Trainee: 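Here it is, the structure in full.
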Amino acid sequence: MDNARISVKESMANEMPKPLAHEFYSPSKVYGKHVFSLKIMRERLPKQVFNRLEKAIKTNGSLAEGDADIIASAMKDWAIENGATHYTHWFQPMTGVTAEKHDAFFVPSSSHNDGNLLNEFSGKMLIKGEPDASSFPSGGIRSTFEARGYTAWDPTSPVFLLENSHGKTLYVPSIFISYTGESLDRKTPLLRSNEAVSKQALRILRLFGNTVATNVSPMVGIEQEYFLIDKRYVALRDDLKLCGRSLYGAMSDKGQELEDHYFGTINDRVLSFMAGVEKQMFELGIPAKTRHNEVAPAQFELAPVFEPANLAIDHNMLTMQILRNTAEKHGFFCLLHEKPFAGVNGSGKHNNWSLCDSEGNNLLDPGNTPMDNAQFLVFLAAVLKAVHKHSILLRLATIGSGNDHRLGANEAPPAILSVFLGAPLTSVIDSIINNSEDNSDWQQDVIKIGVTSLPQFPKDVSDRNRTSPFAFTGNKFEFRAVGSSASCAPANIALNTAMASALGEIALMLETAVASGKTLTQAVHDTLVEVFKEHLPVVFNGNGYGEEWQEEAKRRGLPNLKDSVSVLAHYNDPSLMNVLTQNGVLSERELLARQDILLENYIRDIHVEVKLTVSMGRSIILPACLRWLKTAGDLAVNAEKLQGETAASGFEAQYCQKLRTLTAEFYAALNELDEEHIKTDNLSGVLVRAEATRDNLIPRMNACRALADKLEKIVDDSVWPLPKYNEMLW
């Protein structure tokens with residue numbers, strides 16, 4: 001019987017795809033060419049309409065009556081001139097991916113018999129769409145037979161064109177709400193949280209005499225990790241295609257232990273892929289900046305520069321789509337799962353976050369003397385308060401069955417939320433609490449290299465702590481626990497909301513102190529002492545992977561929720577619900593709906609993996625093992641005939657017995673998993689089913705894999721049906 005895996009392996013040895021050629025282009029010439037940007041709007045819109053629209057975008061205001069029709073007409077003309085035939089409201093439902101429904105620009109002319117079509121795209125069509133919402137997750141907000149849902153244009157994120165082999169489509173970034181006006185998406189609460197943190201941050205700025213800033217924007221830079229596997233191998237692995245990760249697979253003899261892939265020379269074929277991705281990103285106005293090999297074999301990373309949070313998240317969702325589509329053209333399959341291959345590092349997504357006022361000032365930039373920078377210290381105090389007081393809210397932003405494989409391991413931040421500040425800044429806080437002189441050398445030092453021909457260069461104020469889930473990195477915080485396949489919207493909703501709450505409470509403390517007769521300087525000092533003293537336990541500058549930190553965190557009262565189900569059980573905690581409802585980010589009904597949706601998503605993800613584990617085990621792996629067992633048994637019998645009983649009772653017989661035992665154990669483990677899956681499916685209550693999935697199904701699924709991986713190591717290579725790690729990764 002022919003082995004498809006061996007055929008692919010041989011074909012790859014003889015005919016490896018060549019890198020696709022790319023014509024040279026200047027990024028500055030193509031940047032934003034497919035975006036209906038402010039520059040294009042300025043050229044195409046009447047001056048007064050443009051000015052009103054620009055003001056609405058910058059201040060989160062509403063459009064003037066009648067302007068929508070003028071803007072829609074200009075958009076339509078630009079899109080059609082650039083080859084578009086359709087438009088779509090592009091939104092982000094609770095499915096974890098984006099959604100779109102395409103409509104043609106044209107309508108038949110009023111005289112149906114003249115055979116003409118008229119191009120049409122009105123302000124009403126721009127502002128509102130109506131997709132069928134019945135099949136999107138609602139978590140009980142509406143019944144499945146209540147199908148109406150609305151998409152509404154988000155002017156703060158520019159419309160753009162996406163090209164495929166059939167032409168171009170105009171994409172209109174949109175929110176997605178139910179007939180009753182409740183959020184069915186991730187963009188709506190993100191926009192609400194942006195406004196919430198802006199409102200409270202402005203209270204602080206006004207206290208410090210800033211009357212110029214009109215708003216404060218969360219700024220985000222999202223690093224994206226991913227794996228590339230030759231699609232010919234993926235075609236033979238249903239687990240990679242359907243689940244995004246290998247449900248079976250023994251470790252390669254060489255994994256990542258040499259760490260020679262990290263920052264290594266980029267393979268030509270991969271570099272060609274990266275160049276294709278970047279060109280598309282530039283055309284869509286996505287500021288791609290960095291590309292490199294990651295630590296695991298076949299793993300890579302790209303990162304853009306900072307943008308306003310809403311735009312950064314839209315761009316990241318687009319980036320994931322571009323990665324998948326471009327991989328196909330280059331003969332790859334792009335894996336965005338958090339843990340595609342057991343035994344080597346998985347993929348994360350670092351969410352770099354800061355706050356910037358409308359004048360371009362980074363409010364988390366300490367300057368050269370943070371002890372004298374009172375405004376920075378107030379915002380820093382708010383961050384510590386936000387992370388300490390609302391750590392479960394932030395932990396909720398990192399949940400997902402895929403990310404559970406990473407959190408707590410030595411490749412990703414622990415599930416305990418702590419803040420890394422570094423020794424100099426921690427020393428500043430200690431001196432404020434103790435009312436003592438700060439002896440830290442905050443001023444940038446110079447690294448002495450010891451080579452006279454090399455120039456001196458400034459040293460950062462602290463080292464980089466890769467084990468911290470929330471690390472200060474000079475003028476921003478890096479939230480490192482988000483999963484690679486996830487939207488960063490939940491992370492930024494949580495950050496913005498927690499920060500809005502903390503800033504609001506600190507603003508009230510300062511306002512009350514000033515109203516009682518204290519000077520602003522004294523009010524700031526007293527407030528900082530109180531806030532820093534209360535929330536200093538969340539600061540940890542050591543090794544977040546160390547076991548001793550687990551005990552220390554417990555003594556400090558920091559929660560350690562190690563899996564998604566444990567975290568989701570807290571979604572309806574009064575304290576968590578209050579911070580979201582009081583800041584106008586999510587209503588109680590929207591919150592409870594999300595808890596239900598996320599638990600169901602967790603259950604479905606694992607149950608798909610369970611069913612595939614059973615079907616692949618029974619229909620692919622077991623038959624191969626049984627065929628080889630028969631072959632090995634025949635060899636042992638022949639050895640007995642040729643060499644007598646002594647030889648037959650030796651290694652041949654022992655080998656056959658080991659093979660037979662493992663095969664029987666694997667068969668039994670598959671049956672046990674299948675039976676447990678049926679029991680779990682029949683349980684009542686979404687939380688009960690999720691807990692049973694975590695406690696009963698995942699361990700049994702892991703047991704099946706462990707047995708299959710042992711079999712992979714002893715079954716003859718020519719018989720084993722699934723592509724192996726050393727083939728796919730290397």
Side-chain angles (χ1 to χ4, degrees), residues 30-46 49-58 60-64 66-93 98-106 119-131 150-164 166-177 185-188 190-191 280-287 304 307-319 321-322 489:
V30 303
Y31 192 79
K33 69 177 286 190
H34 288 159
V35 181
F36 194 66
S37 61
L38 285 174
K39 177 184 176 183
I40 293 174
M41 286 191 276
R42 185 180 288 110
E43 295 169 355
R44 289 177 172 263
L45 293 174
V49 174
F50 171 77
N51 289 340
R52 288 195 293 266
L53 175 60
E54 184 181 36
K55 182 179 179 181
I57 292 171
K58 290 182 176 179
N60 295 318
S62 56
L63 286 178
D67 283 357
D69 281 328
I70 300 171
I71 296 166
S73 178
M75 277 183 190
K76 176 200 67 181
D77 292 344
W78 171 77
I80 291 173
E81 287 169 19
N82 283 277
T85 57
H86 289 69
Y87 69 92
T88 180
H89 285 85
W90 181 69
F91 56 102
Q92 300 172 30
T98 57
E100 55 196 64
K101 181 192 77 170
H102 296 200
D103 287 300
F105 280 118
F106 61 79
N119 291 320
E120 182 183 54
F121 187 55
S122 66
K124 182 179 178 181
M125 296 160 73
L126 166 64
I127 290 172
K128 188 186 80 171
E130 190 181 333
Y150 297 113
T151 51
W153 173 40
D154 169 22
T156 64
S157 185
V159 302
F160 56 91
L161 296 171
L162 272 190
E163 186 172 11
N164 56 44
H166 304 289
K168 293 177 184 172
T169 301
L170 179 71
Y171 280 67
V172 181
S174 305
I175 65 168
F176 182 43
I177 58 174
D185 68 342
R186 288 187 162 128
K187 181 182 272 278
T188 304
L190 175 67
L191 295 174
Q280 293 174 76
M281 291 176 71
F282 290 147
E283 289 174 344
L284 290 166
I286 306 174
E307 300 179 284
N310 183 38
L311 187 57
I313 289 160
D314 280 2
H315 279 170
N316 182 250
M317 298 302 287
L318 263 178
T319 297
Q321 183 177 335
I322 291 169

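Along the sequence shown, residues carry numbers from 1. These numbers were taken from a predicted model, which means no experiment stands behind them.
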Trainee: Report the C-alpha separation of Asp154 and Ser157 in whole Å, then their side-chain angles, then the decisive distance to 0.1 Å, and conclude whether the side-chain hydrogen bond (donor to acceptor under 3.5 Å, both in side chains) test is met.
Mentor: CA-CA 6 Å; Asp154 169 22; Ser157 185; 4.9 Å; no
Trainee: Atom CG of Asp69 and atom NZ of Lys124: how far apart are they, to the nearest 0.5 Å?
Mentor: 11.0 Å
Trainee: State whether the side chain of Asn316 and the backbone N or O of Ala312 hold a donor-acceptor pair below 3.5 Å, judged by distance alone.
Mentor: no
Trainee: Can you confirm whether Leu311 sits close enough to Pro158 that some side-chain heavy atom of one is under 4.5 Å from a side-chain heavy atom of the other?
Mentor: yes
Trainee: A side-chain contact here means heavy atoms from C-beta on lying under 4.5 Å apart; do Asn310 and Leu190 qualify?
Mentor: yes
Trainee: Under 4.5 Å between any side-chain heavy atoms of Gln321 and Thr98, yes or no?
Mentor: yes
Trainee: Roughly how far, to the nearest 0.5 Å, is CD1 of Ile70 from CG of Leu126?
Mentor: 12.5 Å
Trainee: Which heavy atom of Pro287 sits nearest to which heavy atom of His315, and what is that distance?
Mentor: CD-ND1, 4.3 Å
Trainee: Can you spot which of Leu53, Val49, Val159 makes a side chain to side chain contact (heavy atoms under 4.5 Å, CB included) with Met41?
Mentor: Leu53
Trainee: Return the CG to NZ distance between Leu161 and Lys168, rounded to the nearest 0.5 Å.
Mentor: 6.0 Å
Trainee: Can Ile71 and Leu63 be said to form a side-chain contact (heavy atoms from CB on, under 4.5 Å), step by step?
Mentor: CA-CA 10 Å; Ile71 296 166; Leu63 286 178; 4.1 Å; yes
Trainee: Can you name the nearest heavy-atom pair linking Gly123 to Ala72, along with the distance?
Mentor: N-CB, 3.7 Å
Trainee: Does a salt bridge link Arg44 with Glu81, judged by any charged N lying under 4.0 Å from a carboxylate O?
Mentor: yes
Trainee: Determine the minimum heavy-atom distance between His89 and Ile127, stating which atoms define it.
Mentor: NE2-C, 4.3 Å
Trainee: Is Asp314 salt-bridged to Lys187, cutoff N-O under 4.0 Å?
Mentor: yes
Trainee: To the closest 0.5 Å, what do you measure between NZ (Lys55) and OG (Ser62)?
Mentor: 10.5 Å
Trainee: Given 3.5 Å as the limit, does a donor-acceptor pair link the side chain of Thr151 with the main chain of Gly129, or not?
Mentor: yes
Trainee: Hey, what do you get for CH2 (Trp90) to CD (Glu100), rounding to the nearest 0.5 Å?
Mentor: 9.0 Å
Trainee: Check whether any side-chain heavy atom of Ile80 lies under 4.5 Å from a side-chain heavy atom of Phe105, and answer yes or no.
Mentor: yes
Trainee: Heavy atoms, side chains only, cut-off 4.5 Å: are Tyr171 and His102 in contact?
Mentor: yes
Trainee: In this structure, is the centre-to-centre distance between the rings of Phe176 and Tyr150 below 6.0 Å?
Mentor: no
Trainee: Are Tyr87 and Met125 side-chain neighbours, meaning at least one heavy-atom pair lies under 4.5 Å?
Mentor: yes
Trainee: Take Leu284 and Met281, measure what side-chain contact (heavy atoms from CB on, under 4.5 Å) needs, and give me the verdict at the end.
Mentor: CA-CA 5 Å; Leu284 290 166; Met281 291 176 71; 5.9 Å; no
Trainee: What are the two closest non-hydrogen atoms of Ala84 and Leu170, and how far apart are they?
Mentor: CB-N, 4.4 Å
Trainee: Using every non-hydrogen atom in the two residues, find where Leu162 and Phe160 come nearest and quote the distance to one decimal.
Mentor: CG-CE1, 3.8 Å
Trainee: Give, for atom CZ of Phe91 and atom CE of Met317, the distance between the pair rounded to the nearest 0.5 Å.
Mentor: 12.0 Å
Trainee: Before you tell me yes or no, could you show the steps for Gln92 and Ile175 under side-chain contact (heavy atoms from CB on, under 4.5 Å), namely the whole-Å CA-CA distance, both residues' side-chain angles and the distance that decides it to 0.1 Å?
Mentor: CA-CA 7 Å; Gln92 300 172 30; Ile175 65 168; over 6 Å; no
Trainee: Please evaluate residues Asp67 and Leu45 with respect to the criterion side-chain contact (heavy atoms from CB on, under 4.5 Å), reporting the C-alpha separation (whole Å), side-chain torsions for both, the decisive distance (0.1 Å), and the verdict.
Mentor: CA-CA 10 Å; Asp67 283 357; Leu45 293 174; over 6 Å; no
